[in-house]
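Read through the structure below, which is laid out as structure tokens, and then see the notes.
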Amino acid sequence: MHLGLHLGLHSYVPYVLYAGAIVAFLLSVFWRPQIGVYYLVWLLPLQTVRYLLHPFPQGELFVDWMLLGVVLGLLRRGESIVPKTPLNWLLVIFGLFSYLSLWRGSFYLGASMPWWFNDRRLQDWKNDMAMFLLLPLVLSSIKSRKQLMLLLVLMAGSVVLLNGSFYRTTRGRDFSHFNEELRYQGAMGWAGSNGLAAFEAQAGIFLLALAAFEKRRLLKLGYLGLALSAVYCLLFCFSRGGYVAFLCGWLFLGVFKERKLLIVLALFAVVWQAVVPTSVQERIFMTYQGGELDHSAESRVILWDDAIRAFEGDPLFGTGFNTYAGMGRVGPYRDTHNLYLKILVEIGIVGLSLFLWMLAKMYRLGYGLFRFAKDPLLASLGLGFAGWMVCVFVANFFGDRWNYLQISGFTWTLAAVVVRAYTLAEQEEGAQPAEAAAIEEREPQLVGAPAV
């Protein structure tokens with residue numbers, strides 16, 4: 001990221017960001033907790049920007065400090081830091097189960113016990129669980145429609161910075177033919193180009209859902225323009241898994257909202273080779289040529305077969321949280337390149353069942369809001385989040401696109417937005433349909449939310 005580069009201010013950016021973080025923390029604690037949420041959320045996908053904070057005292061713990069500031073601010077105001085949602089108990093169960101599995105993994109690997117955060121596996125577990133905290137803390141901090149809109153604007157701004165940086169870096173490259181050196185992860189850092197592609201697929205579908213409901217021409221064009229920027233980045237990430245995730249999200253929107261998107265998708269299936277850049281076509285066709293898989297695809301098949309064999313050794317509970325990376329089973333590879341197989345290996349059928357249940361509940365939250373809300377904006381948020389989760393589900397078949405804050409931070413932020421939108425929908429519409437009333441009896445903590 002080159003924030004301020006063209007103004008000659010690049011050397012000052014880290015100091016401004018760090019000073020802003022300190023101010024945001026103090027304002028969160030002593031004034032309004034949502035300030036910390038605002039400051040944190042726009043930086044979630046921009047890992048290389050957050051790297052600029054690392055040389056400063058506690059800079060590497062920026063995310064942790066922002067979350068702590070929000071927690072302290074909420075406690076000071078006497079507000080709950082764990083508001084009730086349909087996901088609460090499932091997240092607690094999944095968190096505890098994975099923590100116990102962390103200890104199980106230490107015995108399996110013969111590694112040191114995870115007593116403190118100097119243990120790398122415990123750090124990884126803490127970072128994964130920290131993403132869960134975005135749901136209750138954003139929900140507790142963002143209460144009004146105005147606050148929700150500001151949060152969405154900041155998220156959109158983050159996507160603009162992310163995509164703008166990608167475009168500025170890649171626009172001079174020769175994309176006439178594919179080669180691996182063309183791949184670029186942008187400000188996503190160690191999530192890689194495949195991680196960036198997964199994020200762009202999710203963001204693109206979410207923006208298209210907002211555009212599908214929007215009647216104001218300028219705003220609709222804004223949504224579409226930002227969605228096109230996501231598609232541009234997705235194309236030149238050269239991620240086949242990202243392409244599949246986006247097309248599945250497109251199909252979802254076509255089935256549930258805009259049938260004309262199905263027509264466009266059908267036409268695209270016929271003429272795609274005439275409109276897709278040659279380098280992208282080469283990336284797709286190289287998957288299977290001359291009766292053989294390319295190296296990347298073949299490696300995945302080998303890893304998947306190996307993961308299944310590892311899973312068969314302990315199918316119920318797995319070998320332990322974050323153990324596959326330390327097994328050295330297939331050459332230098334430290335990942336199964338399929339999140340669901342990785343979960344099966346490490347936390348077994350029990351862990352995968354909990355994880356899939358969590359994904360399903362998150363999808364149902366979005367789809368339920370889409371069906372319940374009469375307000376176009378709130379309904380579009382529900383549909384967009386449901387489409388986002390479709391992309392999440394598909395993209396993770398091709399690698400771990402979940403355990404990265406820069407990819408999944410927005411997932412948990414939007415989950416909180418959707419839960420808050422239920423409350424706003426009820427307040428603005430003043431009445432509940434019979435189905436929502438029945439749901440309220442079963443889950444009084446979230447009026448109008450669908451049970452899963």
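All values reported here derive from a predicted model rather than from experimental measurement.
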TODO: Step by step, work out the side-chain contact (heavy atoms from CB on, under 4.5 Å) result for V159 and F410.
DONE: CA-CA 11 Å; V159 175; F410 273 17; 4.1 Å; yes
Task: Residue pair V390 / Q202, side-chain heavy-atom distance below 4.5 Å - done: no
Open item on the list: Can you see whether F370 has K257 sitting over its ring - NZ or CZ less than 6.0 Å from the centre and within 45° of the normal?
Closed with: no
Open item on the list: Centre-to-centre under 6.0 Å for Y167 and Y232, is that the case here?
Closed with: yes
Open item on the list: Measuring centre to centre across the rings, with the benzene-like ring taken for any Trp, is F94 within less than 6.0 Å of W357?
Closed with: no
Task: side-chain contact (heavy atoms from CB on, under 4.5 Å) evaluation trace for I343 with L356 - done: CA-CA 10 Å; I343 291 174; L356 292 176; over 6 Å; no
Open item on the list: Would you say that R145 contacts L424 through its side chain, given a criterion of any heavy-atom pair below 4.5 Å between the two side chains?
Closed with: yes
Task: Interatomic distance, L162 atom CG to C233 atom SG [nearest 0.5 angstrom] - done: 6.5 Å
All N/O donor-acceptor pairs, side-chain side in residues 271-281, below 3.5 Å, sequence neighbours left out:
| from | atom 1 | to | atom 2 | distance (Å) |
| --- | --- | --- | --- | --- |
| S279 | OG | F175 | O | 2.8 |
| Q281 | NE2 | Q273 | O | 2.7 |
| Q281 | NE2 | V276 | O | 2.7 |

TODO: May I ask you to check whether over 12 heavy atoms, not counting those of E181, lie within 6.0 Å of atom CD?
DONE: no
Task: Atom of F321, atom of S98 and distance for their closest heavy-atom approach - done: CB-O, 3.7 Å
Open item on the list: Do D64 and K126 make a side-chain contact, defined as non-hydrogen atoms from C-beta onward lying under 4.5 Å apart?
Closed with: yes
- [ ] Determine, for D294 against R300, whether the closest basic-nitrogen to carboxylate-oxygen distance falls under 4.0 angstrom.
- [x] no
Task: Test side chain to side chain contact (heavy atoms under 4.5 Å, CB included) applied to F62 and Y18, Y39, Y51, the passing residue - done: Y39
Task: Close side-chain approach of K260 and L265, heavy atoms under 4.5 Å - done: no
Task: Test item: side-chain donor near acceptor, N127 and D124, under 3.5 Å - done: no
Task: Side-chain heavy atoms of F246 within contact of C391, under 4.5 Å - done: no
Open item on the list: Using the ring centroid of each side chain, check whether F256 and Y367 are separated by less than 6.0 Å.
Closed with: yes
TODO: Ignoring hydrogens and angles, tell me if any N or O in the side chain of E282 forms a donor-acceptor pair with the backbone of H177 under 3.5 Å.
DONE: no
Task: Pairwise distance CG(D400) to OH(Y404) - rounded to 0.5 angstrom - done: 5.5 Å
Open item on the list: Take a 6.0 Å sphere around CZ of R334 and say whether it holds more than 12 heavy atoms from other residues, nucleotides or ligands.
Closed with: no
- [ ] Look at the aromatic rings of F206 and W388 and report parallel, tilted or perpendicular, splitting at 30° and 60°.
- [x] perpendicular
Open item on the list: Can you give me the closest heavy-atom contact between M131 and N403, atom names plus distance?
Closed with: CE-CA, 4.0 Å
Open item on the list: For a quick test of reading the model, state the closest non-hydrogen atom pair linking L196 to M188 and the distance between them.
Closed with: CD1-CG, 3.6 Å
Task: Close side-chain approach of K143 to R420, heavy-atom, < 4.5 Å - done: yes
Task: Nearest atoms (heavy-atom pairs only) where I35 meets S28 - done: C-OG, 3.7 Å
Open item on the list: If you apply the rule side-chain hydrogen bond (donor to acceptor under 3.5 Å, both in side chains), what do you find for T336 with N338, and how did you get there?
Closed with: CA-CA 5 Å; T336 62; N338 179 308; 5.6 Å; no
Task: Listed partners of R50 passing salt bridge (charged side-chain N to carboxylate O under 4.0 Å, His left out), at least two apart - done: none
Task: Donor-acceptor contact below 3.5 Å, side chain S408 vs main chain T411 - done: no
- [ ] Please find out if less than 6.0 Å separates the ring center of Y340 from that of F393.
- [x] yes
Task: salt bridge (charged side-chain N to carboxylate O under 4.0 Å, His left out) partners for R173, two or more places apart - done: none
- [ ] Search all heavy atoms of L365 against all heavy atoms of V418 and return the closest pair with its distance.
- [x] O-CG1, 3.5 Å
Open item on the list: Regarding R183 and N194, do their side chains bring together a donor and an acceptor under 3.5 Å, going by distance alone?
Closed with: yes
TODO: Specify the closest pair of heavy atoms between A415 and L135, including all atoms of both residues, with the distance to one decimal.
DONE: C-CD1, 3.8 Å
Open item on the list: Are W402 and F355 an aromatic pair, judged by ring center distance below 6.0 Å?
Closed with: yes
- [ ] List the steps, then state whether side-chain contact (heavy atoms from CB on, under 4.5 Å) holds for Q406 with L44.
- [x] CA-CA 5 Å; Q406 55 269 49; L44 287 176; over 6 Å; no
Task: Heavy-atom neighbours of Y15 OH exceed 12 at 6.0 Å - done: no
Open item on the list: Tell me whether R283 contacts the main-chain N or O of F238 through its side chain, where contact means a donor paired with an acceptor under 3.5 Å.
Closed with: yes
Task: Main-chain N/O of L219 paired with E214 side-chain donor or acceptor, under 3.5 Å - done: no
Task: Side-chain heavy-atom pair S353, I349 within 4.5 angstrom cut-off - done: yes
Task: Heavy-atom check, side chain of F372 versus side chain of L378, under 4.5 Å - done: no
Open item on the list: Would you say that more than 12 heavy atoms from the other residues, nucleotides or ligands in this model lie under 6.0 Å from the CH2 of W125, or not?
Closed with: yes
Task: Rounded distance [0.5 Å steps], CG in L341 versus CG in D335 - done: 10.0 Å
Task: Euclidean distance, L369 CG relative to R364 CZ, rounded to 0.5 Å - done: 13.0 Å
- [ ] Working to the nearest 0.5 Å, report the span between CG of L61 and CG of L53.
- [x] 11.0 Å
TODO: Kindly determine whether Q147 and S141 satisfy side-chain contact (heavy atoms from CB on, under 4.5 Å), including the steps that lead there.
DONE: CA-CA 9 Å; Q147 292 171 347; S141 304; over 6 Å; no
Task: Residue among L133, L139, L75, V70 satisfying side chain to side chain contact (heavy atoms under 4.5 Å, CB included) with I81 - done: L75
